[in-house]
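Here is the structure we will look at.
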Amino acid sequence: MQQTAPVSRARVRLNRVLTYLSKPQNAILLALGIVLTFSTIAPMISILVDTVSVHVGSVDSHYTGLTEGYTLYNWIDLFTGRLARVNLWTPLLNSVLLSVFSCVGAIVYGGMFAYLVTRTNMRFKKYLSSIFIFPYIMPQWTLAVIWQNLFDSNAVTGTSDGLLAAIFGVRMPLWWCEGLFPSVVVLSLHYAPFAYILIGGIFRNMDANLEEAASIMGTPRLKIFARVTLPLVKPAVLSTVLLVFSSAMGSYPVPHYLNLTTLCTKYVQMGEKRAGEASILAVIMILFGVLILIVNQRTTSGRQSYTTVTGKSGQISLVNLGRAGKWLVTALFCLTTFFTGILPIILFAIETFLPNPGDYSFIRNGVAGNLTAKWWMTSENITENGMYGQKGILFNEAIWGAFKGTLIVAVCCAFIAGTIGLLVGYCVSKNRRSKWAAYVNSMAFLPYLMPSLAVGVAFFVFGSSMGIFNTYLLLVLAGVVKYIPFASRSALSSMMQLSGEIEEAAIIQDIPWRKRMLNIIIPIQKSSIISGYLLPFITCVRELTLFMLLCSQTKIITTMLDYFDEMGLYAFSSGINLILIVFILVCNTLINKLTGASIDSGIGGGN
């Protein structure tokens, strides 16, 4: 009888590894895990090391007498020094208050609008639904600038008069013009579409029988809303809180424009003199992102069920607001959405034709001749006074060069982030019970929950040490890491909808993986996959906070806008704002045409 030769353990393990890697989704998942770990963790390690490093010319070098090496001076001085309250505790408190109140405002405003669109007989739902999401599509600082243009006055804020002060002589108090209150209002309006999309989706799919059963029992309508309806939207409310809190925590433009000191604005103010302490502020913001991720995992892994879609009747009974009520509510939201969606475009356009900032004399006097087109049409920079050596927007090579740079970064970020996100979604859906897949999915989503400025700081330290500061490469690296979650979440949700039988049939036919992806999987879910590429593109075009530390102010269009604001050339910054808004709205329209759906489809916008 012939005996089989014994096989060594090493050979067995090698065969298991080769068998595991023979499946494309496993090999790709392993590679993605390594790449995402390096791209996400390495910048964080760099910034953590920077907090204990000695910076020549900074306060840590001055007070320790060191020119190199490591020290804990930055940590001790920031937390216990005489400037601890100014540099840490006050900005930290303002950041937390801004994030918390922005969450409340976004949920109340967006959730109420979602309920009215999906569960009542309010009029003009399609129009209002489309305009309601404008603030999120627009750059974050848009409403902050509009707030300034409306309410600022020379007597109160020391700046040029806004529209109310210039025309009607109305001067709002300082707390209304700048600080915590206007920052909360602006961010609440900006992130309300988050709540509308997330909460509205649940309201849309909620079975009316749940509420009708309570109504049959004689339960008052208010109690039904509090005990039945609201508990069912708890997951969407929690998701909104997590997303808005992290986004508001990392907001730089809004507090910057509205003069609120937060961790983000304090980091920029510290500059090179307190570089180590500034890095500690970034670490604190990163810790908030990690905490949010932990909370998200804890809350979504519970046993409590929030099922709203079942095999039973899914009818929706609309609440009757009454003949006068439905028109009153419609008029109210038409007014608010006009101020948040349409007025910014009008005011930015007007600002570009004013001879001087805040000069609204053409309205008071009814003389259109007081307007000027010099900010657009000046083709030389010598004879025209008051333009500080700049050509008009249409002829300004620096502006269009920066816009070209933005498009280069946006296209590269969209292509790389979209492709990686697609592969993450595919591989994770194929390995749903794998711990490694869960790890890769968390690594892909973690940068989204971290404040943009914190991610920017991490890549600033990393890029400076690697010698790639102020290059498109660094901007693309930061953008890809930050925007992968857009593509991965979109791809994952679409891949989870695909039955495994579809790909198994192709495998039986011995069709290679590349052809299965290109000819079967991608065509079936092309709408979601295209969105996974185009969402990073649009977000990258309007990004300022992430990129502001990574390049010069003339490299991309958003940093150039910030430069013109610092110079006081508000006509140029308003013109760039207008260009960005129009460009983004055009791109969003193209997305709708290509994918056959709008961002608010399925919620109630089509009714």
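Since this is a predicted model, take the numbers as computed values, not measurements. When reading the values below, keep in mind they use all heavy atoms of this one structure, side chains included, and skip hydrogens, waters and symmetry mates.
No side-chain donor-acceptor contact under 3.5 Å links T142 to the backbone of M138. Not one N or O on the side chain of S129 forms a donor-acceptor pair closer than 3.5 Å with the backbone of K126. A distance-only check finds a donor-acceptor pair linking the side chain of T337 to the backbone of C334 [under 3.5 Å]. Using modelled atom types, no side-chain atom of R516 and backbone atom of I507 make a donor-acceptor pair closer than 3.5 Å. Formation of a donor-acceptor pair under 3.5 Å by the T558 side chain with backbone atoms of E543 is found in this model. Under a 3.5 Å cut-off, the side chain of W436 and the backbone N or O of N431 do not form any donor-acceptor pair. Using modelled atom types, one side-chain atom of K125 and one backbone atom of V117 make a donor-acceptor pair closer than 3.5 Å. In this structure a side-chain-to-backbone donor-acceptor pair under 3.5 Å is missing from S488 to G421.
Looking only at side-chain heavy atoms (C-beta outward), M122 and F113 come within less than 4.5 Å of each other. You'll find the side chain of L585 reaches within 4.5 Å of the side chain of I581, heavy atoms only. You'll find the side chain of P536 stays beyond 4.5 Å of the side chain of C413, heavy atoms only. Side-chain contact check for L143 versus P135: some heavy-atom pair is nearer than 4.5 Å. Contact check for L475 versus F459: no side-chain heavy atoms found under the 4.5 Å cut-off. Y426 places a side-chain heavy atom less than 4.5 Å from the side chain of M517. At least one side-chain heavy atom of L477 sits under 4.5 Å from a side-chain heavy atom of I468. Within the 4.5 Å cutoff, no side-chain heavy atoms of C587 are placed close to those of V541.
Looking at every heavy atom in both residues, A487 comes nearest to G418 through CB-CA, 3.7 Å. Of all heavy-atom pairs spanning T554 and T559, the tightest one is N-OG1, 4.4 Å. Across all their heavy atoms, N470 and K555 have their closest contact at O-NZ, 3.4 Å. Here the closest non-hydrogen pair linking G341 and P344 is C-CD, 3.8 Å. Shown here for G575 and I393, the closest heavy-atom pair between the two residues is CA-CD1, 3.8 Å. Here the closest non-hydrogen pair linking Y472 and G405 is OH-CA, 3.4 Å.
By the 6.0 Å contact criterion, CE on M466 is open, its count of non-hydrogen atoms from other residues, nucleotides or ligands being 12 or less.
The aromatic ring centroids of F403 and F583 lie less than 6.0 Å from each other.
No side-chain donor from either of S434 and Y439 sits under 3.5 Å from a side-chain acceptor of the other. Side-chain contact, Y448 with S246: no donor N or O sits under 3.5 Å from an acceptor N or O. No hydrogens or angles considered: a donor-acceptor pair under 3.5 Å links the side chains of N577 and W141.
Screening residues 455-466 for side-chain hydrogen bond (donor to acceptor under 3.5 Å, both in side chains) gives no qualifying pairs among residues at least two apart or on separate chains. Here salt bridge (charged side-chain N to carboxylate O under 4.0 Å, His left out) pairs that include residues 396-423, with residues two or more places apart or in two chains, are K391-E397.
How far CG of L343 is from CZ of F348: 9.5 Å, rounded to the nearest 0.5 Å. The distance from atom OH of Y109 to atom OG1 of T336, rounded to the nearest 0.5 Å, is 3.5 Å. Between the OH atom of Y115 and the CE atom of M112 there is a distance of 12.5 Å, given to the nearest 0.5 Å. Here the OG atom belonging to S102 is positioned 12.5 Å from the CZ atom belonging to F194, to the nearest 0.5 angstrom. Within the model, atoms OH of Y563 and CD1 of I557 stand 13.0 Å from one another, a figure rounded to the nearest 0.5 Å. Note that CD1 of I484 is 5.0 Å distant from CG of L36, once rounded to the nearest 0.5 Å.
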Task: Steps toward side-chain contact (heavy atoms from CB on, under 4.5 Å) verdict (C264, M285) - done: CA-CA 9 Å; C264 290; M285 288 187 281; 3.7 Å; yes
Task: Audit row: F537, L407, side-chain contact (heavy atoms from CB on, under 4.5 Å) steps and yes/no - done: CA-CA 9 Å; F537 176 81; L407 293 182; 4.2 Å; yes
Open item on the list: Could you walk me through whether F288 and F245 satisfy the side-chain contact (heavy atoms from CB on, under 4.5 Å) test, starting with their C-alpha distance in whole Å, then the side-chain angles of each, then the deciding distance to 0.1 Å, before giving a yes or no?
Closed with: CA-CA 9 Å; F288 272 104; F245 188 93; 3.9 Å; yes
Open item on the list: Could you walk me through whether I286 and M450 satisfy the side-chain contact (heavy atoms from CB on, under 4.5 Å) test, starting with their C-alpha distance in whole Å, then the side-chain angles of each, then the deciding distance to 0.1 Å, before giving a yes or no?
Closed with: CA-CA 6 Å; I286 290 175; M450 289 193 296; 3.5 Å; yes
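The only option from F132, Y136, Y191 that meets the ring pair (Phe, Tyr, Trp, His ring centres under 6.0 Å) definition with Y196 turns out to be F132.
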Using atom types as modelled, flag every donor-acceptor pair under 3.5 Å from a side chain in residues 247-254 to any protein atom, sequence neighbours excluded.
from: S247; atom 1: OG; to: L243; atom 2: O; distance (Å): 2.8
from: S251; atom 1: OG; to: Q140; atom 2: OE1; distance (Å): 2.7
from: Y252; atom 1: OH; to: H256; atom 2: ND1; distance (Å): 3.3

